[in-house]
Asker: 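Right, I'll just put the structure down here and ask away after.
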Amino acid sequence: MNSEWWKNAVIYQIYPKSFKDSNGDGFGDINGIIEKLPYIKSLGVDAIWLNPLYVSPQVDNGYDIADYRKIDPRFGSNEDLYHLIREAHQLNLKIIMDLVVNGTSDQHQWFKESCKSKDNYFSDFYIWKDAKEDGSEPNNWGSNFSGSAWEWNEQRQQYYLHYYAKEQPDLNWENPRVREAVFDLMHFWKARGVDGWRMDIITSISKNQNFPDNPAKNGEKYVVANQDNGPRMHEFIHDIDREVLSPFKMMSVGEAPASKSIDARQLVDPKREELDMVFTFEHMHIDRKPGGINGRWDVQPADIIALKNILSDWQNSLRDHGWNALYFENHDRARTPSRWGNDHEYRYESATAFATVLHCLQGTPFVYQGEEIGMTNPDFKLEDYEDVELTTNYHQFVEEQKTLSAADFLKAAHKISRDNARTPMQWNDAVNAGFSEAKPWFKINTRYPEINVTKDQESQKSVSNYYRKLIELRHQNLILRDVTYELKFADDPDVFVYERVLGKQKWTIIANLSEKTFDLSDYYTADTKTKVLLSNYQRQGSGLGDAALKPWEALVCEKQI
Ligand code: NOJ
């Protein structure tokens with residue numbers, strides 16, 4: 001069971017660039033993380049996932065890697081990372097690194113060699129195709145960052161494939177040398193103490209070798225390439241398991257953009273020996289207008305019924321067949337109180353209500369830096385954003401396609417842009433929020449004097465103290481692990497209620513995800529057999545008392561049955 005430590009764990013995600021700058025260059029670094037280990041430990045978490053720290057031109061904030069074995073000097077040195085691993089292990093914190101092997105940076109030596117000719121060792125490390133007769137791209141596949149997924153290379157006189165930025169050429173997983181090279185780099189980090197992997201867009205590594213055009217439903221020129229899992233995906237992932245994960249007992253959580261719960265069941269079923277968990281995207285689309293022509297920028301109010309259906313579907317599908325990875329925030333997602341809650345009047349309540357929903361489900365919860373203090377989206381102007389996805393998408397939808405006005409784009413960016421989560425961590429109310437003594441690489445959220453770690457910990461309404469309690473509940477109660485799950489009030493658009501039962505014990509998790517009051521009394525009368533274990537209002541002890549839920553109220557209740 002020891003090798004399944006992650007089933008009892010809560011994992012804290014660090015975006016190193018924005019976590020803590022220790023050397024005054026405005027850029028977060030490894031020594032900054034070491035400095036904050038006691039704080040991370042104080043939350044009660046069990047492991048840290050580090051976003052990419054490897055050498056990178058930072059076109060996509062480190063997801064464009066130029067050297068898999070070397071730490072980028074702006075974060076420190078390899079020695080600094082080994083030091084961090086040792087210090088974390090001393091505190092019983094495991095270290096999860098990011099494995100980014102759908103593609104590399106175009107500055108990676110492999111790519112530079114691959115460009116040189118069609119017959120060297122690295123020629124087939126990437127996906128090269130000739131131009132069509134008229135010189136155009138081999139098919140209509142589109143990049144996630146807008147435009148074609150093919151880029152012409154003068155040197156080689158061919159197109160190469162890139163699912164994301166043109167500076168991120170996709171690796172050719174059909175080539176056994178590529179697979180070997182990936183296993184090698186995983187062995188390298190295992191030997192240095194890394195405990196597991198978060199695998200970037202791992203479900204996209206296999207490509208349909210017929211390279212067919214994708215159906216263009218709205219007549220668009222390019223259609224985002226990776227809308228399906230590729231044909232050899234399971235096989236390649238199983239190879240990774242056989243070569244690295246199983247023999248070295250490394251934990252794995254795969255990013256699975258196109259996967260439904262039915263695919264996940266295959267990816268994480270222990271019998272199939274692929275992954276431990278996957279990150280679904282489905283629940284993050286509850287505020288995306290279905291059928292919109294502007295991708296993620298066609299935003300609508302969050303559909304809570306959809307949220308309940310999706311999370312329940314994953315709970316039910318994976319029961320006895322695998323394990324869920326639970327998250328609302330990460331470096332690609334906005335801040336929950338601003339996105340789906342109320343980040344002013346009910347910032348504490350809405351942050352903790354969503355946290356309650358998530359942390360009591362079956363699965364391993366992930367907490368993204370700043371989520372635990374209820375950080376909010378910044379009020380940026382267009383020119384303040386820097387994410388490559390946002391800038392390329394702005395160009396596509398506002399300037400070229402003209403299907404979105406600049407004002408509507410900005411409105412959507414305020415809600416869902418990835419940069420919302422990438423502003424520097426707010427440690428205190430000192431200059432630059434205590435993140436750095438120098439000008440930070442990215443604008444600080446102006447609300448830092450009000451929202452920061454020091455202030456939160458001293459507050460009566462402390463989001464982080466609520467997280468500490470949630471994490472402790474999970475650690476101490478088997479009922480929050482792999483027992484039953486039953487959704488109640490499925491059709492109610494505002495409240496999320498579910499029950500979990502273990503033997504004679506029933507826990508009911510109740511969260512009002514709105515500002516409407518909700519009367520629970522028909523279902524839960526004031527009842528001394530019901531014990532309130534946790535709540536984000538003053539409602540502790542026995543009995544539900546007043547059964548009217550207050551705005552964004554959340555409760556964890558226990559009852560003997
Ligand atoms: C997923 C990562 O989380 C995201 O930040 C990145 O842009 C894409 N993969 C491409 O690598």
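When a ligand or atom number is given, it counts from 1 through the structure's own listing order. When reading the values below, keep in mind they use all heavy atoms of this one structure, side chains included, and skip hydrogens, waters and symmetry mates.
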Asker: Show, in sequence, the C-alpha distance, side-chain angles and deciding distance for Phe279 and Trp49, and conclude whether the ring-ring contact (aromatic ring centres under 6.0 Å, His included) test is met.
Answerer: CA-CA 13 Å; Phe279 287 127; Trp49 152 29; 5.7 Å; yes
Asker: Between Met199 and ligand 1, which part of the residue brings a heavy atom under 4.0 Å of the ligand: side chain, backbone, both or neither?
Answerer: neither
Asker: Using the six-membered ring of Tyr163, assess whether NZ or CZ of Lys207 lies under 6.0 Å from its centre and within 45 degrees of the ring axis.
Answerer: yes
Asker: Give the contacting part of His331 toward ligand 1: side chain, backbone, both or neither, where contact means a heavy-atom distance below 4.0 Å.
Answerer: side chain
Asker: Does a side-chain heavy-atom distance below 4.5 Å link Gln107 with Pro57?
Answerer: yes
Asker: Locate the shortest heavy-atom distance separating Tyr68 from Thr104; write the atom from each residue and the value.
Answerer: OH-CG2, 3.3 Å
Asker: Is the closest side-chain donor-acceptor distance between Tyr160 and Asp106 under 3.5 Å?
Answerer: no
Asker: Among all protein non-hydrogen atoms, which one is nearest to atom 11 (O) of ligand 1, and what is the separation to 0.1 Å?
Answerer: Asp200 OD2, 3.1 Å
Asker: Identify, by atom number and element, the atoms of ligand 1 in contact range of Gln168, meaning under 4.0 Å from any of its heavy atoms.
Answerer: 11 (O)
Asker: Quick one: which ligand 1 atoms are inside 4.0 Å of a heavy atom on Asp332?
Answerer: 1 (C), 2 (C), 3 (O), 4 (C), 5 (O)
Asker: Between Ser204 and Asn226, is any side-chain donor less than 3.5 angstrom from a side-chain acceptor?
Answerer: yes
Asker: With atoms numbered from 1 as shown, which atoms in ligand 1 lie under 4.0 angstrom from a non-hydrogen atom of Asp60?
Answerer: 6 (C), 7 (O), 8 (C), 10 (C), 11 (O)
Asker: State the atoms of ligand 1, each with its element, that fall below the 4.0 Å cut-off from a heavy-atom position in Arg418.
Answerer: 4 (C), 5 (O), 6 (C), 7 (O)
Asker: Using a 4.0 Å cutoff against the non-hydrogen atoms of Arg422, which atoms of ligand 1 qualify?
Answerer: 5 (O)
Asker: So for Phe145, does at least one of its heavy atoms come nearer than 4.0 angstrom to any atom of ligand 1?
Answerer: yes
